[in-house]
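For reference, the structure discussed in these notes is given below.
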Protein chains: 2
Amino acid sequence: MKRLKRYRELITYSAAMAILLLLVRWLEFKFVLLQNQYDIYIGLIAVLFLLFGIWLAGKLTEPKINTVVVEKEIRIPESEFVLNEKELAERKISKRELEVLTLMAQGMSNKEIAEKLFVSLNTVKTHSANLFEKLEAKRRTQAIETAKKLHLLPGTLG
Amino acid sequence: MKRLKRYRELITYSAAMAILLLLVRWLEFKFVLLQNQYDIYIGLIAVLFLLFGIWLAGKLTEPKINTVVVEKEIRIPESEFVLNEKELAERKISKRELEVLTLMAQGMSNKEIAEKLFVSLNTVKTHSANLFEKLEAKRRTQAIETAKKLHLLPGTLG
DNA sequence: GAACAAGTCATCCTTTAGGGTGATTTTGTT
DNA sequence: AACAAAATCACCCTAAAGGATGACTTGTTC
């Protein structure tokens, strides 16, 4: 069964060829009397084989595939925050300092930060003082702005 | 010039046809003596036109267009800042206040802001006090954070 | 012209932030 | 164990920020 299917094309072509040749024979027989004007006969043969060739080509040649690549733009909403660890290392800002900085940026007072981190107010002050030096800032607001520009803090949190 | 290009295909086919017919004529002349065995001639014609048909088919068949959609990711650099005027109006924040808020967010002290705006330090303090009330903030850092969340200030300026 | 909002400035007072210095403890590394 | 960095805390003092209140001017609206 599989073999039959496999050779179906070949059989089809052979059959077509046979029919064509039969047709040629028939035409030959029909126009045998008017040999002087066998131009018509030739013409018919030509047309027939031309058509046969076209049909055959359609069957034989693999279809031309013209691949058109259409680029579709997909928008990515936001580029999420990635901590600039290089900058963090270069300025030698410690984890605890960054922690304090983050809470600062959220609008907390030193006292609130101290309570949140379970340390004394003085400790927070020390951390903030170190931060200002490392960030070359005079005030906490400036430190926050600089830190955001350096990607040490997300632009807007929440 | 454009027309010439437009009919190039047609001309090509016509030329091919002409050459083929010339070939046929030449064959006719060549085999005119052996008319009794013009089977060969017929066969040649058949083969020629068969090939011509195959060639023609290849030229004529329009290619299958295979459209491949490639999704290309496009990162939007920044979603530019648009002032939330609704929020601004609802909270009744004046132009001057917003101005002070902006400079605050840039890390400037009240004194610096006063100098920049050519007003007294007390005026800046009044503005900031009003801002804190309108933004329900206790500190300038908190006011800045809130303002950024409400899109009254750009996330990161500069 | 009365009422109102915005902007300006002042004074008094309290709280918070920040600068400077020194010291102790914890922790990780060699 | 020795060392360095990080984290902790304290004290003193100044500067800046913030709260509360009142006052004056200007421009707009009704």
Side-chain angles (χ1 to χ4, degrees), chain A residues 83-150 152-153, chain B residues 83-150 152-153:
Chain A
L83 208 163
N84 186 350
E85 306 203 40
K86 215 173 290 175
E87 200 62 50
L88 206 65
E90 278 174 18
R91 291 177 186 263
K92 292 179 183 173
I93 294 169
S94 72
K95 288 174 200 167
R96 203 57 161 169
E97 283 164 357
L98 183 63
E99 216 168 341
V100 170
L101 184 61
T102 306
L103 297 176
M104 255 187 196
Q106 282 165 23
M108 293 175 77
S109 71
N110 287 342
K111 194 182 166 195
E112 287 171 337
I113 295 171
E115 283 166 5
K116 180 145 196 174
L117 298 181
F118 302 107
V119 294
S120 83
L121 176 59
N122 288 310
T123 304
V124 176
K125 279 188 171 187
T126 307
H127 285 318
S128 69
N130 290 334
L131 276 168
F132 299 154
E133 199 172 334
K134 289 173 184 179
L135 290 171
E136 295 154 278
K138 290 172 191 164
R139 283 165 287 282
R140 47 176 49 218
T141 47
Q142 217 173 74
I144 293 163
E145 250 302 286
T146 305
K148 287 187 178 182
K149 279 186 188 169
L150 296 175
L152 303 179
L153 288 176
Chain B
L83 208 162
N84 186 349
E85 306 204 39
K86 217 173 286 174
E87 200 62 49
L88 207 66
E90 277 173 20
R91 291 178 186 262
K92 292 179 183 172
I93 293 169
S94 71
K95 289 175 202 167
R96 204 57 163 170
E97 284 163 356
L98 183 64
E99 215 169 342
V100 170
L101 184 61
T102 306
L103 298 176
M104 254 187 198
Q106 283 166 22
M108 293 175 77
S109 70
N110 286 342
K111 194 182 167 194
E112 287 171 338
I113 295 170
E115 283 166 4
K116 180 148 196 174
L117 299 181
F118 301 107
V119 293
S120 82
L121 175 60
N122 289 309
T123 303
V124 176
K125 280 188 171 187
T126 306
H127 285 319
S128 70
N130 291 332
L131 276 168
F132 298 155
E133 200 171 334
K134 290 173 183 177
L135 290 171
E136 296 153 276
K138 290 172 190 164
R139 283 165 286 283
R140 48 174 49 217
T141 47
Q142 216 172 77
I144 292 164
E145 249 302 285
T146 305
K148 287 186 178 182
K149 279 185 188 169
L150 297 175
L152 303 178
L153 288 177

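Protein chains get the first letters and strands the later ones, always in sequence-line order, with residue 1 at the start of each.
Closest approach to the A:His127 side chain among D:dT8, C:dC9, D:dC9 is made by D:dT8 (side chain taken as heavy atoms from C-beta onward). In the set D:dA7, C:dG18, C:dA6, the nucleotide with an atom closest to the side chain of B:Ser94 is C:dA6. Listed candidates were C:dA10, D:dT8, C:dT8. Nearest to the side chain of A:Thr123 is D:dT8. Checking C:dG7, D:dA7, C:dA17 against the side-chain heavy atoms of A:Asn110 singles out C:dA17 as nearest. Checked against D:dA7, C:dT8, C:dG18, the side chain of B:Thr126 finds its nearest nucleotide in C:dT8. Comparing D:dC9, C:dG7, D:dA17 by their closest approach to the side chain of B:Arg140 singles out D:dA17. Here D:dA17 is the nucleotide among D:dT8, C:dC9, D:dA17 with the atom lying nearest to any side-chain atom of B:Ser109. Nearest to the side-chain atoms of A:Asn122 among the listed nucleotides C:dT11, C:dT8, D:dC11 stands D:dC11. With distances taken from any side-chain atom of B:Arg139 to the nucleotides C:dG7, D:dC11, D:dG18, the minimum falls on D:dG18.
To the nearest 0.5 Å, the span separating CD on A:Gln142 from CG on A:Leu135 amounts to 10.0 Å.
We find that B:Lys148 and A:Glu145 are joined by a salt bridge, their nearest charged nitrogen and carboxylate oxygen being less than 4.0 Å apart.
Checking A:Thr141 against B:Leu121, the closest nucleotide of DNA chain C that is more toward the 5' end is the one next to B:Leu121.
Minimum interatomic distance between A:Phe132 and A:Met104 (heavy atoms only, all atoms of both residues): CZ-CE, 4.0 Å.
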Does the salt bridge (Lys or Arg N to Asp or Glu O under 4.0 Å) test come out yes or no for A:Lys116 and A:Glu112, once each step is laid out? CA-CA 6 Å; A:Lys116 180 145 196 174; A:Glu112 287 171 337; over 6 Å; no

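Counting any heavy atom pair closer than 4.0 Å across all strands shown, B:Lys92 reaches no nucleic acid atom.
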